[in-house]
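Chain A is the first sequence line, chain B the second, and so forth, proteins listed ahead of strands; every chain is numbered from 1.
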Amino acid sequence: MSAPEGATGHGPAEAAAVDELAFDVADLPGGAAAALEAVLMVADEPVPAVQLATVLGLPTAEVEALLHRLAAEYRGEDGGRPRGFELREAGGGWRVYSAPAYADVVGRFVLDGQAARLTQAALETLAVIAYRQPVTRGQVSAVRGVNVESVVRTLVSRGLVTEVGTEPSGAVLYGTTPYFLERMGMTSLDELPPLAPYLPDLDALEDVDEAEGAR
Amino acid sequence: MSAPEGATGHGPAEAAAVDELAFDVADLPGGAAAALEAVLMVADEPVPAVQLATVLGLPTAEVEALLHRLAAEYRGEDGGRPRGFELREAGGGWRVYSAPAYADVVGRFVLDGQAARLTQAALETLAVIAYRQPVTRGQVSAVRGVNVESVVRTLVSRGLVTEVGTEPSGAVLYGTTPYFLERMGMTSLDELPPLAPYLPDLDALEDVDEAEGAR
Amino acid sequence: MPPEAAAGQRAAASGAGAFEVHLENFSGPFDLLLSLITRHRLDVTEVALAQVTDEFVAAVREAEARAEPWDLGRLSEFLVVAATLLDLKAARLLPATDEDVEDLELLEARDLLFARLLQYRAFKEVAATIGARLAQQARSVPRAVALEPHLAALLPELVLEIGPGELAVLAAHALRPRPAPTVDTSHLYTPTVSVREQAALVADRLRRSGSGTFRALVHDAGSPTVVVARFLALLELYREGAVAFDQVTPLGELTIRWTGGDAEVTVEDDYDAEPADAPAPEGGER
């Protein structure tokens with residue numbers, strides 16, 4: 001579980017207090033589904049099913065089933081009308097989004113350009129980091145053939161890329177963030193489209209990597 | 001439902017030219033109700049019905065009727081189950097809130113992982129906002145070199161920072177609150193210690209400001 | 001942009017306005033030709049590169065005639081790839097001899113360059129699909145609202161362990177100017193080689209020996225840049241009428257004869273001009 005960035009972990013006393021349940025979600029008017037909805041309403045980042053299960057006092061499997069049912073319901077798959085919002089699993093948890101069908105309407109409302117487009121250079125750098133992580137700036141430069149320092153800095157300040165370690169040489173290693181996955185609508189890096197179809201010959205590329213490493 | 005003026009018998013291009021709307025909410029899968037939900041779900045503060053009507057391209061009276069119908073639907077008055085969220089009119093507008101019936105569960109979630117202390121990241125962000133206010137999240141991100149979205153939200157929910165306006169671009173400007181002054185033992189922002197003794201070169205600092213402004 | 005299978009995206013990426021070639025043994029987009037050659041389904045030596053170039057030039061002319069000229073990026077991309085192909089083909093056509101250990105290394109370097117080009121192209125294409133996916137996903141806006149006051153009131157009282165002084169230190173630390181970002185081009189432009197200087201050197205050698213092969217002239221060149229500079233210097237000397245070229249067969253040994261007499265010859269410095277009046281770069285602000 002990823003704790004919110006603005007807060008540190010809590011002490012054992014608080015955790016103990018939290019474990020005593022003052023309620024049973026089944027007794028609530030809308031049942032567990034409504035309780036889940038209520039929690040999702042105040043979440044400001046993807047919430048893992050495990051965390052939701054802890055909060056609701058229900059088994060994780062049950063909460064996961066409930067989440068999938070809610071998501072389907074919002075899409076109108078239970079016979080009701082499709083909702084203007086949807087529940088999606090991305091970036092390591094579940095979160096409520098406006099439905100894409102209403103992007104034009106929402107776009108008129110949300111003026112804050114929260115999803116400013118990335119430049120071609122930034123996209124290419126992001127692609128190399130996504131597929132090659134953990135990777136140094138030097139290695140990304142070698143693929144792109146240009147210096148990527150300021151582009152990497154932009155990606156970091158956009159929250160898409162972060163430092164994930166250092167090489168023995170001292171060079172900083174970069175990788176993508178959970179926020180990147182969320183923005184891609186993915187739950188794991190495994191969902192990235194395979195690179196192989198775009199590549200002619202993997203053996204040749206390994207040689208390239210080695211040659212780069214030797215520089 | 002009556003079609004909005006200027007929407008009948010026009011091709012998309014003509015319609016856009018007539019009322020600058022690239023869509024007709026009646027054509028969307030969930031209709032006007034879903035479009036309204038989409039906007040409300042991502043609205044951070046109460047939105048006046050008039051503004052919603054403008055965004056949707058519908059008469060205000062129709063939007064108001066729709067808002068009351070949605071609010072009743074969420075309460076379960078149309079025969080469906082009560083939702084975990086509700087639509088309320090307050091503070092001069094409409095906003096979606098978690099439903100009070102589930103306050104215990106939601107409270108557990110809010111406390112889960114929260115702590116009494118601010119992280120280093122939150123403290124640094126607070127310092128930058130204090131000295132640079134009014135400032136956008138993007139400008140703070142540029143200074144700190146990391147994405148500060150969730151940190152700023154923590155500071156807002158802790159009452160230390162608040163929205164103080166918007167830039168012409170639509171980006172929200174943040175500043176510190178009277179509660180912040182109180183907690184710092186100050187009566188005015190003028191009492192913030194000057195930065196000069198801590199900085200190697202003030203001219204260079206101004207350069208930084210300009211460089212940020214140009215981004 | 002609608003979501004599509006990877007193959008579809010790929011076709012789209014190279015689709016609109018893609019340059020097509022029509023050869024005896026191949027017909028289709030230039031990109032595909034490249035892929036086939038790298039996968040060894042097409043022998044690079046059997047591809048009529050001259051014809052590819054002709055068609056390319058024709059395509060560019062046609063685009064210009066329609067007043068929608070190709071952008072510099074597409075042109076230079078073709079040039080780089082075509083040059084590498086040509087290089088590759090030239091290397092394969094040359095008979096392999098025992099003494100050509102260096103050439104073998106050269107050949108491997110070429111293959112490496114080609115592989116790197118294709119690798120870059122792969123990332124470019126996959127970057128396009130990532131961009132499309134980000135744009136498509138951005139049609140959903142996440143709900144991110146401030147805590148309602150009655151919920152915020154539940155939070156434990158904040159322990160704020162810093163005072164104004166500590167706050168100032170934190171602010172100063174965060175606001176401290178960082179070194180302005182610069183674009184390092186040292187990997188693109190290795191230490192400047194002056195064509196004029198190389199011309200003087202080449203002229204001096206040829207004046208003394210009367211003639212020599214290009215291979216001998218660049219034998220002591222430390223880097224490809226110096227080789228290029230000497231070649232450009234020879235072209236300049238040819239323009240001045242100071243040298244003449246002999247090449248018995250295409251791609252064969254190039255012999256250069258000195259025809260310039262004893263007079264001092266200096267070449268124009270078209271290549272060496274310093275961009276002295278160019279504005280200083282503004283350090284990554286935009």
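Listed by chain and number, the residues in a side chain to side chain donor-acceptor pair (under 3.5 Å) with T187(A) are E191(A) (sequence neighbours excluded). Residues passing the ring-ring contact (aromatic ring centres under 6.0 Å, His included) test with H173(C), sequence neighbours excluded: none. Listed by chain and number, the residues in a side chain to side chain donor-acceptor pair (under 3.5 Å) with Q120(A) are E124(A) (sequence neighbours excluded).
A donor-acceptor contact shorter than 3.5 Å links the side chain of R143(C) to the backbone of M41(A). Here the side chain of R133(C) pairs no donor or acceptor atom with the backbone of L192(A) at under 3.5 angstrom.
Taking the side chain as every heavy atom from C-beta outward, L123(A) and K124(C) never approach each other to under 4.5 Å.
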Checklist line | Chi angles and distances behind the side-chain contact (heavy atoms from CB on, under 4.5 Å) call for L126(A), L134(C) | finding: CA-CA 12 Å; L126(A) 182 59; L134(C) 286 175; 4.2 Å; yes

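The two residues Q137(C) and R183(A) make their nearest non-hydrogen contact at CB-O, 3.1 Å.
Below 4.5 Å, heavy atoms of chain C meet heavy atoms from R95(A), V96(A), Y97(A), S98(A), A99(A), P100(A), A103(A), all part of residues 93-103 of chain A.
Only the backbone of A43(A) comes within less than 4.5 Å of a heavy atom in chain C; its side chain stays farther off.
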